[in-house]
There are 2 protein chains.
Amino acid sequence: MPPQSAAAGDPGPIIRQSLPAEVATRLRDLITQGHIAPGTRLNEVVLCAQLGVSRTPLREAIRRLAGEGLVELVPARGGVVRRLTLKDAADSLAVLKALETLAGRLACAAADEAGIAQVQALHAAMMDRYAARDRLAYFKLNQAVHTAIVALSGNETLAWAHEAIQARMKHLRFIGNAGEQKWADAVAEHEEMVRALAARDGDALAAVLAAHLDRTLERVAPVL
Amino acid sequence: MPPQSAAAGDPGPIIRQSLPAEVATRLRDLITQGHIAPGTRLNEVVLCAQLGVSRTPLREAIRRLAGEGLVELVPARGGVVRRLTLKDAADSLAVLKALETLAGRLACAAADEAGIAQVQALHAAMMDRYAARDRLAYFKLNQAVHTAIVALSGNETLAWAHEAIQARMKHLRFIGNAGEQKWADAVAEHEEMVRALAARDGDALAAVLAAHLDRTLERVAPVL
DNA sequence: GGACGCCATACTGTATGCAGTATGAAGCTG
DNA sequence: CAGCTTCATACTGCATACAGTATGGCGTCC
């Protein structure tokens, strides 16, 4: 969501808030979008040249991703991109279900009108990208909707945990959106979600979110 | 749980699996046990001398703790020990409640006899330390019981998230155990937990865990 | 011919040097 | 005397050099 200021490879000219954070974001994208395959060793020198930074901030970024569970740190061999099993996906989705269910109830109780409007705006933007069949943008807005709903709960720990676990699943969700019917189903479920939120019906929202995540497992299972 | 081999300050003689990990553990203990107060800036050079390591692994340890949410990383000022507010505690406990509730149900359904026996053994050990009023050992075994129950669920993501959030609360729980009555209540609730687990009554276990965590908030609230 | 052991290589892990920046104190001015 | 500016200091963030270790190829021995 935060605009990556220095997209080019050369040393950014403007102010930057945190180099390792930025590097981590870029690396994360590289992994989730499949440019670095699961099981691949992250060669530090190569990535240094590729991302235009030195080893120190790169290493910190790798550790950060390791903390999120995207890469595994094996001693004396560095970081390797974590390979997700079907069980991993099922586990993560089960936890996401518990978290989003809770978040949904809290959001309906605590959210202000502006927050709900913001979710609706994100949803509308997502529908727009869906209509245009812009998968990458749709994908990002999809995640943003879920994140926004969780944020509405007002529970920061909840948001933190959700973000961390969602990050692990990004790759799966990204490649798992194939199939016109599945995609349409997911979109329909999102419609329901936003309706339930607008009506502030916590139970309904929780139910829809739970169902949505169950279906998500079915949608991503084939790729594993 | 893993035995810290090189407890002394000098460079460890034997094999070590990962220096930053070990440093992170020691730093974590320092923070959770209150030797470093919340709000304190982590001066790298001082801690280097204190822990007997160089800046690089220490920095990595600090980043690791930042990833767990124990310390906050402010640009150009390094790491400061995070100060928990009442809201933070309430938020974390709400999430723990969702996680442990789920874990309890899964554990009752999936655990094998050996696993249940192990939890019972930990509980017995905890009761022993309670009888001896050994607060530090009780505290650690208490955490271990919760962790073991979550592990019995067989859901690795769940275990990961639980561990991460529990780490943030360790300090609070450590200083929040004051008061003989509160302590006795907590122990009684633990008795119930283990009984429900042994009976494989998922609903009952979930209910007890939920109540236990609600009470935990009441127990730690006074210190905030 | 196959298997074991040795050696060269490449990569990670650690230490240290250097630059940028925030901070606090001292001096100056209104 | 108060407030502001300026400068010195100390600390973080980054870069790079060094050391330790796993790995893959090659030669040798059985």
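In what follows, every chain begins at residue 1, and chains take the letters A, B, ... in the order their sequences are listed.
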d(CG, A:Asn43; C1', D:dT23) in whole Å: 14 Å
Integer-rounded Å distance: C:dT12 P and A:Ile62 CD1: 8 Å
Atom pair distance, as rounded to whole Å: CG in B:Leu19 and P in C:dG13: 11 Å
Sugar-phosphate only, base, or nothing, as touched by B:Val74 at under 4.0 Å among non-hydrogen atoms: sugar-phosphate
Six-ring centre of B:Trp183, B:Arg133 cation under 6.0 angstrom, axis tolerance 45°: yes
Proximity of B:His146 and B:His190 rings by center, below 6.0 Å: yes
Closest nucleotide among D:dC14, D:dT12, D:dT16 to the A:Ser54 side chain: D:dT16
Distance-only donor-acceptor test, A:Arg55 side-chain atoms vs C:dG13 base atoms, 3.5 Å: yes
Under 4.0 angstrom between B:Arg59 side-chain N/O and C:dA15 OP1 or OP2: no
Crowding at CD, B:Gln120 (>12 non-hydrogen neighbours, <6.0 Å): yes
Residue A:Arg41, side-chain atoms from C-beta onward, closest of D:dA22, C:dC11, D:dC11: C:dC11
DNA chain D: 5'-proximal contact among B:Thr56 and B:Val46 (nearest heavy atom): B:Val46
Spacing between A:Leu42 atom CG and C:dT12 atom P, to the nearest angstrom: 9 Å
Within 45° cone of B:Tyr130 ring axis and under 6.0 Å: B:Arg135 NZ or CZ: no
Nearest-angstrom distance from the residue atom CZ of B:Arg63 to C1' of D:dT12: 8 Å
Rounded distance in Å - CZ (A:Arg77) to P (D:dG20): 21 Å
For atom CD of A:Glu60 and atom P of D:dT12, their distance in whole Å: 13 Å
